[in-house]
Amino acid sequence: MTDLRRALRSLIFLIVCPLLSACGGSSELNVPPAAPTATPPPSAHAQFVTDDQGRALILHGINVTGSAKDDPQRLPWVTRGDAERVQRDFGFNVVRFLIFWDAIEPSPGQYNETYLDQVAERIDWFAGVGVYVILDMHQDVYGHFDQNGKPLGFDGAPSWAARTDGLAHRIADPWSLTYIQPGVKRAFDNFWNADGPNADVQQHYVAAWAHVAARFKNHPWVLGYNLMNEPFAGSEFAGDFAGIFVGDVQRSKTFEQTLFHQFYERAVAAIRAIDADGWIFYEPLAFPSNNGGASYLGKLDDPRHGENRLVYFPHFYAILPELTLHYDPAKTLELDAWVEARTAEVAEIRTPVMIGEFGLPWTAGGSPLGYLRKILDTADQMTSGWAYWTYDPGNWAPIMGNDLHETPNADVLVRAYPQRVAGTPIRYAYDVDARTLDLTFVERDGVSGPTQLYIPARRFYAGGWHLEVDDTAGSWSSQWDGEREVLSVTTPHTGRLHRLRVVPAS
Ligand code: IDC
C-alpha cells in the first residue's frame, strides 16, 4: 500500500414501444442467440433479495427522510402525493423509511402505538403505488439527549437509554465528529456491553424491534428491517481525532467479531421469533466502511428454515468530496477502496448486498453528477440496488424549493433497470450515454412471473425504444404498462441464459 493510500485510508476511517399501445413482438428485434451455457459464470450477483414469486428484486429508491429526525413526531414531511411521485417520476420501487427508537419506546417497555399507526399510514401510501418499504432504525450519534436531558447527538435512542455516565460531550462540526465525544462513546459502550450493569439497554432495543416486526410482518410491501443505521464502535472505534485518524484496526476488529456480532445475532433471533420471512438488513460499522475501509463482521446466521434472508446494507460515501464539496473524477481512490472492500466481504458472506445511503449535492464542484453515476454503475455491477440520501428538498435531493422542482440529480438517479428478474441475474448494466439497458439472467427453479424492466420512457426515450431478445424459440412475449413505465417480459423455459436489451429507437 502506498503512503498516500495509507494516509487516505486513515483519513477515511472517520469519517419505441411507448408510441405503440401494446409492446408486442412486432416492435422488438431479435439478436443472435447466445451459445447455450450449462453453468453460469461466477458472479458477484449470486445472491439476491427475492419477491414472493422467487424473482430477484433489484431495488432503486430513496431515503424517506432525513427531516424526520427533528420532527417532533419523528415523521417524514412527505405526503401521499410524494409516494406517488417517487414511483411515477423517478421509477423507484423502494424507500428506506426512517423510524426512531425514541419514538417507538419513549419510556422503558412502553410502546407508542400512535407513532406506529402513523408510520403504517405512510407505508400504505408507498404500498399503494407498488413501492417496497425497508424500515430503517435510524440513529446518528446515539440519540438527541443523554439521560439527563442534555443534548447528545442527532437522533435515535430515547434519553433513558443514553447512559453517558457523566462523561463530557458536546455537538461538533461537522456533525459526524460528535461521535468521538467521551460521553457519546460511553453511551455506545453501555449499549454494546450486553452483560454489564446496563444490559437492559440493548434488551430493550431488541425487544422494540420484535414489537415493530410483530406490527408489520404481514404487510406485503414491508420488505424488511434494517437493524441499525450506521453502528458506531464507541470506545473501540479504531482511531482518534488528531487532525487525521490513525486506526487501531485490531481493536475494532475484535469488537466487530464479538460484541457487535452478538448484538446482531440477538436482534436477528428476536425478529425471527416473530417473522420467519421478512428480510433483515444489517450494516457494517459505518466508520470505516462508509468510506472504503474493511469490515470484519463476518457472516451472520439466519435461524429461519430455508435460505438466508439477510441483506448486507453498507453506505457508500467518500469523505473528500463530502468535506470539500468537490469531486475530481481522476481521484477515485476512496471509491475504488470501497469496491475492493465490499467485493471481498460479499465473496465471504454470500449475502445479497444493497447500498443503504449515498449522495452528494449537485452544487458540489468538479463532477458531482459523475460521482453519482460512478456509484450507480458500481451498484449495477455488484449489488441488488440502492437507496439515495435523501428525499428532503435541497441540493442533495432530486427535488428542491417550495414547488419541489427537480434538481440535476434527478436525471442521474432515474435509470432504466430490471425491477424483477425471473431467475438469477448474471449481469445488468445501464449505459447512460447510449441509453441502453442490458440484462443477462439464468433461470432458477421455483420462480414464476415475468421479468419486469423499468424504462423511463417519458423522460429519456421521447423517440421510443426497442426491446431486443436473444430467445429465438419465439415463445417469449411482452407487455408494456405505459403508466408505470414497466415492461413485463415472459421468456420461454429453455434452461439457459436469457439476454434482454433495451435500446433507443432513435
Ligand atoms: C445528515 C443530514 C444532516 C444532519 C446530519 C445529522 O443530511 O442534515 O445534520 O445527518 O443528523 C449519514 C447518516 C445520515 C446523514 C447523512 C449525510 O446516516 O443520517 O444525514 N450521512 O450527512 N452517514 C453519512 C452521511
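We use all heavy atoms of the structure for the numbers below, so side chains are in, but hydrogens, waters and symmetry mates are not. Model, not experiment: these values are computed from the prediction. For ligands, and for the atoms within them, numbers begin at 1 and follow the listed sequence.
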| note | Of all protein heavy atoms, the one nearest atom 24 (C) of ligand 1 is Tyr317 CE1, 3.0 Å
| request: Using the six-membered ring wherever Trp is involved, compare the ring planes of Trp175 and Tyr179 and label them parallel, tilted or perpendicular (cut-offs 30° and 60°). | output: tilted
| query | Within a distance of under 4.0 Å, is there any protein heavy atom near atom 8 (O) of ligand 1? | reply | no
| Out of Arg415, Arg373, Lys374, which one pairs with Asp380 under the salt bridge (Lys or Arg N to Asp or Glu O under 4.0 Å) rule? | Arg415
| request: Enumerate the atoms of ligand 1 whose separation from the nearest heavy atom of Phe154 is less than 4.0 angstrom. | output: 6 (C), 11 (O)
| For ligand 1, is any non-hydrogen atom under 4.0 Å from Asn229's backbone (N, CA, C, O), its side chain (CB onward), both, or neither? | side chain
| said: Checking the side chain of Glu105 only, and the main-chain atoms of Pro108 only, is there a donor and an acceptor separated by less than 3.5 Å? | reply: no
| task | Kindly state whether the ring of His144 and the ring of Trp101 have centres lying under 6.0 angstrom apart. | result | no
| task | Name the closest protein heavy atom to atom 23 (N) of ligand 1, giving the residue it belongs to and the distance to 0.1 Å. | result | Glu230 OE2, 2.6 Å
| query | Among all protein non-hydrogen atoms, which one is nearest to atom 17 (C) of ligand 1, and what is the separation to 0.1 Å? | reply | Trp389 NE1, 3.6 Å
| said: Among all protein heavy atoms in this structure, tell me which lies nearest to atom 12 (C) of ligand 1, with the distance rounded to 0.1 Å. | reply: Glu357 OE1, 3.2 Å
| Mutual orientation of the aromatic rings belonging to Phe263 and Phe191 [parallel < 30°, tilted 30-60°, perpendicular > 60°] | perpendicular
| query | Tell me, which protein residue and heavy-atom name are nearest atom 2 (C) of ligand 1, and how many Å apart are they? | reply | Lys69 NZ, 3.7 Å
| Among all protein non-hydrogen atoms, which one is nearest to atom 22 (O) of ligand 1, and what is the separation to 0.1 Å? | Trp175 NE1, 3.2 Å
| request: Report the relative orientation of the aromatic rings in Phe232 and Phe237; use parallel for angles under 30°, tilted for 30 to 60°, perpendicular for over 60°. | output: tilted
| query | So Tyr317 and His315, would you call those rings parallel, tilted or perpendicular, with 30° and 60° as cut-offs? | reply | perpendicular
| query | With only distance considered, is His315 within less than 3.5 Å of ligand 1 through an N or O on each side? | reply | no
